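One structure is given here, and the rest of the page talks about it.
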Amino acid sequence: MTGYAKRGLRIFIAGVASALLLMACERGDDSGSTATATTATAAAEPVVLTALVWAPDWSEEMHRVADAFSLKHPEVRINLQFMIGNSVEENLKPRAATDSLPDIVSVNANPYTATLADQGLLADIGDTQAWGNMLEVLQREWTSPGGRRYGIPSGVATTLIYYNRDMFDRAGITAPPADFESFLAAGAALRKAGLVPLALPGGFPNMLGNGPFSYGFANQIAAKVPDWRTRIANGTLQLDNADGAAIFARLRTLVEQKMVQADCLRAGYDTTLRQFAEGRAAMTFQGSWAAGTLMNARGMRVGVFVPPWNDKGQPLKPVLGSETGFAVAQHSGARQRQAAVQFLDFLYGPGMPIWQAKRQNIPPFRVIAADVKGDPALFALVDQMTRDAAASNAPGLYYSVLPVNTIDVLHPLLQSVLSGSQTPARAARLLQDSITEQARLSAR
């Protein structure tokens with residue numbers, strides 16, 4: 001081979017080598033690009049949050065909040081579902097048992113939920129803006145024994161008697177009744193005027209517990225047993241007595257004294273709201289969370305007073321607590337938890353006017369935004385109740401603090417007493433047995 005041929009061969013080999021190296025580099029670049037694209041695609045995938053919500057009277061507003069949030073945060077989608085049945089806990093228990101809680105879930109501030117938090121099922125959301133603005137008394141209520149800040153309530157909760165001022169005037173009632181005896185007398189005056197005294201949701205035991213039961217317990221038990229919380233926890237609370245029976249007896253009295261509407265035993269939550277709002281009953285026993293519907297009912301003059309479940313001559317015990325609130329599941333991925341927390345701050349921030357304008361409930365915050373709506377008289381009444389409870393450091397029972405399985409026992413008891421198929425004394429005994437049994441099981 002000539003020198004020229006050898007030189008040509010060397011040039012050819014070098015060219016082939018360069019081409020192979022370039023191809024390898026190109027393949028390497030393609031691989032890196034693919035990996036980068038995959039990562040970018042994963043990051044661009046929207047976060048889908050499942051929310052299971054207790055909102056029996058504001059589901060439409062919750063949809064609007066979710067839509068507004070997704071519009072502002074297109075990288076997050078909300079799969080909104082609503083709880084059914086008679087209680088939040090009824091919906092939680094099967095999911096908690098399998099550690100399959102939704103990313104965002106409605107919860108109550110009670111021993112059951114606090115236990116879920118300490119078991120690691122609920123995330124600590126104490127770093128949210130909403131938590132930082134919460135009333136201190138509510139922060140304590142929503143902190144588990146293990147120190148986990150597990151939820152944010154929709155508002156300060158109480159149940160009240162809403163009344164039609166014009167109907168009271170027609171019946172000659174010049175002032176809201178101040179005790180149970182005068183409450184029954186007001187009912188008699190209303191009946192004499194051809195009016196239905198009280199719309200009560202007998203078909204929805206949740207409200208029987210929030211309302212008549214809680215005030216019965218507050219005035220018959222909590223007023224006389226200051227350490228009732230401890231006694232519920234250790235199972236030593238005595239209800240198999242005249243005071244315990246009186247809780248249920250007053251509920252039955254509403255039927256016996258013809259205080260309630262004819263369809264009371266079948267009336268659900270929405271039905272009862274409509275009965276009052278349409279002027280078919282002079283009063284209704286409802287939550288502060290229904291103020292938007294009731295205080296503005298068809299242009300009626302509506303007032304509120306603390307349910308007078310106290311005996312004559314005895315002080316009236318206020319019932320205060322937290323509305324159902326929201327928590328974040330711990331098992332969700334980091335992106336889901338971060339997005340869920342972001343949603344909670346939106347719900348209680350820019351989204352709050354959407355739902356609070358309808359509900360007009362009592363905000364759970366130290367600083368209340370200027371656009372928060374509500375009736376001044378209602379806000380003032382609950383504020384006074386809060387001060388009275390703080391002064392005595394002993395607000396009455398808000399029934400959701402009962403053991404969760406005891407609530408399941410209580411619901412049918414309330415309805416059976418209301419219908420007359422169960423005696424008040426027997427119901428009190430069965431409630432005591434459930435509290436004792438739940439304490440025994442918790443001690444295991």
Side-chain angles (χ1 to χ4, degrees), residues 31-55 62-83 88-89 91-109 112-134 138-139 141-154 324-352 354-355 364-365:
S31 176
S33 298
T34 302
T36 302
T38 301
T39 302
T41 300
E45 283 291 325
V47 176
V48 179
L49 299 178
T50 299
L52 183 62
V53 177
W54 178 263
M62 194 64 186
H63 274 296
R64 289 171 56 199
V65 171
D67 290 344
F69 176 78
S70 293
L71 187 63
K72 186 174 181 179
H73 301 279
E75 74 281 5
V76 182
R77 296 177 186 169
I78 308 293
N79 176 17
L80 197 56
Q81 303 170 9
F82 292 96
M83 292 181 171
V88 167
E89 289 73 24
N91 290 267
L92 288 180
K93 285 194 291 185
R95 293 170 173 83
T98 56
D99 193 13
S100 57
L101 290 173
D103 302 300
I104 300 167
V105 63
S106 288
V107 294
N108 285 314
Y112 172 73
T113 315
T115 299
L116 296 184
D118 282 342
Q119 289 175 342
L121 272 67
L122 299 178
D124 187 307
I125 55 177
D127 292 334
T128 60
Q129 294 176 10
W131 177 275
N133 193 25
M134 272 173 61
L138 296 182
Q139 287 183 340
E141 192 172 347
W142 288 84
T143 301
S144 72
R148 189 168 290 235
R149 300 158 296 181
Y150 62 85
I152 299 169
S154 299
T324 297
F326 295 92
V328 172
Q330 178 64 36
H331 77 84
S332 301
R335 286 185 72 205
Q336 277 77 12
R337 286 199 304 273
Q338 182 180 4
V341 164
Q342 193 176 31
F343 177 76
L344 289 189
D345 274 334
F346 183 87
L347 178 70
Y348 290 101
M352 189 169 181
I354 297 174
W355 56 270
F365 300 128

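Positions are given from 1 along the sequence. This structure is a prediction, so every number in the text was calculated from the model and none was measured.
- In this structure, the separation between CD1 on Ile78 and NE2 on His73 is 9.5 Å, given to the nearest 0.5 Å.
- Side-chain contact between Gln330 and Arg337 is present, with heavy atoms from C-beta onward closer than 4.5 Å.
- In this structure, Asn108 contributes its side chain and Gly325 its backbone to no donor-acceptor pair below 3.5 Å.
- Nearest heavy atoms, Val88 versus Ser106: CG1-O, 3.4 Å.
- Aromatic rings from Phe343 and Phe326 are positioned such that their centres are separated by 6.0 Å or more.
- Within the 4.5 Å cutoff, no side-chain heavy atoms of Arg148 are placed close to those of Thr143.
- Shown here for Pro350 and Lys72, the closest heavy-atom pair between the two residues is CG-NZ, 4.5 Å.
- Ring-plane geometry between Trp142 and Tyr150 is classed as tilted, the angle between the planes lying from 30 to 60 degrees on a 0 to 90 degree scale.
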- Query: Going through the distances and angles, do Met62 and Leu347 end up as a side chain to side chain contact (heavy atoms under 4.5 Å, CB included)?
  - Reply: CA-CA 9 Å; Met62 194 64 186; Leu347 178 70; 4.1 Å; yes
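- Taking 4.5 Å as the limit, some side-chain heavy atom of Tyr112 sits within range of a side-chain heavy atom of Leu92.
- Around CD of Gln119, the count of heavy atoms belonging to other residues, nucleotides or ligands within 6.0 Å exceeds 12.
- Annotation: side chain of Ile152 is in contact with side chain of Met134 (closest heavy-atom distance under 4.5 Å).
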- Message: Please determine whether side chain to side chain contact (heavy atoms under 4.5 Å, CB included) holds for the pair Leu52 and Phe82, giving the CA-CA distance in whole Å, both sets of side-chain angles, and the decisive distance to 0.1 Å.
- Response: CA-CA 5 Å; Leu52 183 62; Phe82 292 96; over 6 Å; no
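- A side-chain donor-acceptor contact under 3.5 Å links Thr128 to the backbone of Ile125.
- In terms of heavy-atom proximity, Ala68 sits nearest to Ile354 at CB-CD1, 4.1 Å.
- Side chain of Asp345 to backbone of Gln129: a donor-acceptor contact under 3.5 angstrom is found.
- A donor-acceptor contact shorter than 3.5 Å is absent between the side chain of Ser100 and the backbone of Ala96.
- For the atom pair CG (Asp99) and CG (Leu121), the distance works out to 4.5 Å, reported to the nearest 0.5 Å.
- Closest approach of Pro364 to Ser154, counting heavy atoms only: CD-O, 3.7 Å.
- Side-chain atoms of Leu49 and Val76, non-hydrogen and from C-beta on, do get closer than 4.5 Å to each other.
- Taking CZ of Phe346 as the reference point, atom CE of Met352 lies at 13.0 Å (rounded to 0.5 Å).
- Listed here is the closest heavy atom pair of Pro102 and Ala329: O-CB, 3.1 Å.
- Among all heavy-atom pairs drawn from Val47 and Ala339, the shortest one is CG1-CB, 4.0 Å.
- Within the 4.5 Å cutoff, the side chain of Pro153 has no heavy atoms near those of the Thr324 side chain.
- In this structure, the separation between CD on Gln338 and OG on Ser332 is 12.5 Å, given to the nearest 0.5 Å.
- Side-chain contact check for Arg64 versus Trp355: every heavy-atom pair is 4.5 Å or farther apart.
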- Task: Could you check Leu122 against Val328 for side chain to side chain contact (heavy atoms under 4.5 Å, CB included), going step by step and ending with a plain yes or no?
- Result: CA-CA 6 Å; Leu122 299 178; Val328 172; over 6 Å; no
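- Between the Asp103 side chain and the Gln336 main chain, no donor and acceptor come within less than 3.5 Å of each other.
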- Query: Passes side chain to side chain contact (heavy atoms under 4.5 Å, CB included), Glu89 versus Asn91? Steps please.
  - Reply: CA-CA 5 Å; Glu89 289 73 24; Asn91 290 267; over 6 Å; no
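- Side chains of Phe365 and Tyr348 form a contact here, defined as non-hydrogen atoms less than 4.5 Å apart.
- Judged purely by atom type and a 3.5 angstrom limit, Gln139 uses its side chain to pair as donor or acceptor with the backbone of Trp131.
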